[in-house]
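Everything below concerns the one structure shown next.
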Amino acid sequence: VTDPLTALATAFPRDFAFGAATAAYQIEGAVSTDGRTPSIWDVFSAEPGRVHDGDTGEVACDHYNRVPSDVSLMRDLGLSTYRFSVAWPRIQPGGSGPANAAGLAFYDRLVDTLLENGIAPWATLYHWDLPIELEHAGGWPVRDTAYRFAEYAGIVAEALGDRLHGLITLNEPWCSAFLGYGNGVHAPGRRDGAAALAASHHLLLGHGLASESVRAAAPSVPFGITVNLYPTAPAVPPTYDGPDRPAYDDAVRRIEGLSNRWFLDPLFGRGYPADVVEDVRATSALEFVRDGDTDIIAAPLDFLGVNYYTRHVVAPSAYPGSSGVEFLSRGLPVTAMGWEVDPDGLYDIVRWVHETYPAVPIYLTENGSAYDDVVDVDGRVHDPERLAYLRDHLAATSRLISDGVDVRGYFAWSLMDNFEWAYGYEKRFGLVHVDYETQRRTPKDSAVWYAALLEAHRSGAGPRSGILDG
Ligand code: PNW
């Protein structure tokens, strides 16, 4: 008899990548050190009312000054992989021009320290910290930003490409476009649907253009992009056949169209989905899409990164002035974000990608949960809900693999508690608890469990990657 932890650990191929992820602005702090200049998030978080409690990333987890001890923490957890992001304003203060050597040196040290500790470094080039000068020049709704991004991508690939194990151009372009320029809850806080659609196109274009500069500078580094995907379900049972059934199905089509297909269809060479083009026509005629753009966006991918947190459940809405869709709860348990815990949603969305698009290795580049964690009198952080979330989403991942889906890695979001964007430091996603007064790190129970799983995976072998060897 094997215990459940060993059974789960050994269900993963031996070369499966188990990691954790972070993003520059959420953990680094040191916002004006070594020549860094402000990004849209520095400016946005300084504006009253934008971020919970007026929090900013000025200090965050002070990771910039704590690389040696933070990497030791990762080694103690037994991570085989670590996904971090590179802050554009450290590399090109002002958003264009020559590389800032002091800024690059930080990531150089980080990458070397990871490798010395046996951890494979994966870099994300853009996790939302656009240099403010580029926003002043129009930001992502402007075409030139895509060219600026490709130039920056080439600089990073040139400097780190000899040591990276994976390179991700963009993190969640849906968030950058629709939360940043559409509803304004993220930086730069604009509320303009047409600008959001233009941003989505120029983000994808930037990704495609970057594939040229990155492949030229670092031909052997696996190259990909990370999208956040939402399985979307109607708020009525599959058998429901009331007169409004078609309206439910249409609400589902529109939401999953704009969140999933709007990005995946062009990335996989299909251009923008015609039904969504029709849905958004009243907002934008998409005049910014030029001949040849969709070919650039369809540059070959070595892998697709998928971030998954929850499923959307929708209904047609009768409220005038709403965009016609309501988001509902099914009464499942929710995290501190109010997001329903639904591991089957992870299975469903990745399986859908596998069945809908050409074969590509998939990495789960983020998955995790926020809870109101506290350090207990025993000095530990008891987070049974996060432990269960992690366990159940890893079980869903192992089912994908045994059903023949080519999933090659899983990165927990997040290594440590950090600046949770508009929620500031209120929401804690970490495997490791951070005391923001003292910067003390305390691995939570979920981290202890994850370390045990990774240890069992290393020693308990597991099959020699059946599906990966064909
Ligand atoms: C992702 N939404 O953000 C990001 O990649 C992380 O930086 C972030 O900390 C994490 O998920 C948790 O939020 C998202 O509103 C933020 O749909 C908001 C949404 C989705 C993803």
Side-chain angles (χ1 to χ4, degrees), residues 19-28 39-41 44-45 50-52 55 57 60-61 63 82-87 122-130 168-187 189 196 200 203 224-232 255-256 258-260 262-263 305-314 325 327 329 334-342 345-346 349 363-371 386 389-390 393 410-432 434:
T22 62
Y25 191 69
Q26 295 183 272
I27 65 165
E28 287 177 357
S39 75
I40 52 175
W41 269 97
F44 181 81
S45 60
R50 296 293 204 175
V51 174
H52 176 82
D55 290 343
C61 308
H63 171 70
Y82 173 59
R83 173 182 176 235
F84 61 94
S85 85
V86 177
W122 278 54
T124 303
L125 295 176
Y126 185 71
H127 202 126
W128 307 354
D129 39 6
L130 186 72
I168 294 165
T169 52
L170 306 176
N171 178 69
E172 304 189 347
W174 178 89
C175 288
S176 298
F178 295 108
L179 303 183
Y181 295 92
N183 70 7
V185 307
H186 281 184
S200 71
L203 283 152
I225 183 171
T226 281
V227 291
N228 52 318
L229 299 180
Y230 292 98
T232 309
I255 291 305
E256 66 78 27
L258 198 58
S259 29
N260 306 327
W262 187 252
F263 296 90
V306 174
N307 292 354
Y308 171 79
Y309 289 92
T310 192
R311 188 195 309 263
H312 279 156
V313 178
V314 301
V325 176
F327 292 82
S329 147
V334 295
T335 69
M337 300 296 283
W339 299 347
E340 288 191 332
V341 178
D342 187 353
L346 173 64
I349 194 69
Y363 285 84
L364 299 168
T365 42
E366 283 180 30
N367 172 243
S369 53
Y371 289 101
R386 181 177 295 97
Y389 183 102
L390 185 61
H393 286 77
Y410 176 96
F411 296 79
W413 184 268
S414 177
L415 173 68
M416 56 182 140
D417 294 337
N418 58 50
F419 176 76
E420 177 51 32
W421 307 116
Y423 295 89
Y425 298 99
E426 226 240 312
K427 302 294 184 218
R428 295 179 175 271
F429 273 92
L431 294 174
V432 175
V434 175

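Start at 1 and go down the list; that is how both ligands and their atoms are numbered. Worth saying up front: this structure is predicted, and the values here are computed from it rather than measured.
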Exercise. Does ligand 1 have an atom under 4.0 Å from some heavy atom of W339?
Worked result: yes
Exercise. Using heavy atoms and a threshold below 4.0 Å, how should the contact between W174 and ligand 1 be classified: side chain, backbone, both, or neither?
Worked result: side chain
For this session: Looking only at protein heavy atoms, identify the closest one to atom 4 (C) of ligand 1 and say how far it is in Å.
Result: E366 OE1, 3.3 Å
For this session: Grab the two heavy atoms, one from F429 and one from R386, that are nearest each other, plus how far apart they are.
Result: O-NE, 4.0 Å
Exercise. What part of A370 sits under 4.0 Å from ligand 1 if we count only heavy atoms: the side chain, the backbone, both or neither?
Worked result: neither
For this session: Identify, with sequence neighbours excluded, every residue that meets ring-ring contact (aromatic ring centres under 6.0 Å, His included) alongside W262.
Result: Y272
Exercise. Can you list the ligand 1 atoms lying under 4.0 Å from a non-hydrogen atom of W421?
Worked result: 6 (C), 7 (O), 8 (C), 9 (O)
Problem set entry | Any Y230 heavy atom less than 4.0 Å from ligand 1 | yes
Exercise. Does the E172 side chain pair with the main chain of V227, one donor and one acceptor, at a distance under 3.5 Å?
Worked result: no
For this session: Return the option from E420, H186, K427, E172 holding the heavy atom at the smallest distance from atom 13 (O) of ligand 1.
Result: E420
Problem set entry | Atoms in ligand 1 flagged as close to H127, the criterion being non-hydrogen separation under 4.0 Å | 4 (C), 5 (O), 6 (C), 7 (O)
Exercise. At what distance, to the nearest 0.5 angstrom, does CD1 of I349 lie from CG of D342?
Worked result: 11.5 Å
Exercise. Do the side chain of T310 and the main chain of E340 share a donor and acceptor less than 3.5 angstrom apart?
Worked result: yes
Exercise. What is the distance from atom CG of N228 to atom SG of C175, rounded to the nearest 0.5 Å?
Worked result: 4.5 Å
Exercise. When rounded to the nearest 0.5 angstrom, what distance separates CZ in F411 from OH in Y82?
Worked result: 11.0 Å
Exercise. Taking all non-hydrogen atoms of both residues, which atom of A370 and which atom of T335 are closest, and how far apart?
Worked result: O-CB, 3.4 Å
Exercise. Under 3.5 Å, N or O to N or O, is N171 touching ligand 1 that way?
Worked result: yes
Seminar exercise, completed: For Q26, the atoms of ligand 1 under 4.0 Å from one of its heavy atoms are 6 (C), 7 (O), 9 (O)
For this session: Report yes or no: do S176 and Y126 form a side-chain donor-acceptor pair below 3.5 Å?
Result: no
Exercise. Any idea which protein heavy atom is nearest atom 10 (C) of ligand 1, and the distance to it?
Worked result: Y309 OH, 3.3 Å
Exercise. Judged by non-hydrogen atoms, does A23 sit under 4.0 Å from ligand 1?
Worked result: no
Problem set entry | atom 18 (C) of ligand 1 - nearest protein heavy atom and its distance | L179 CD1, 3.9 Å
Seminar exercise, completed: Contact region, N418 to ligand 1, non-hydrogen atoms below 4.0 Å, reads neither
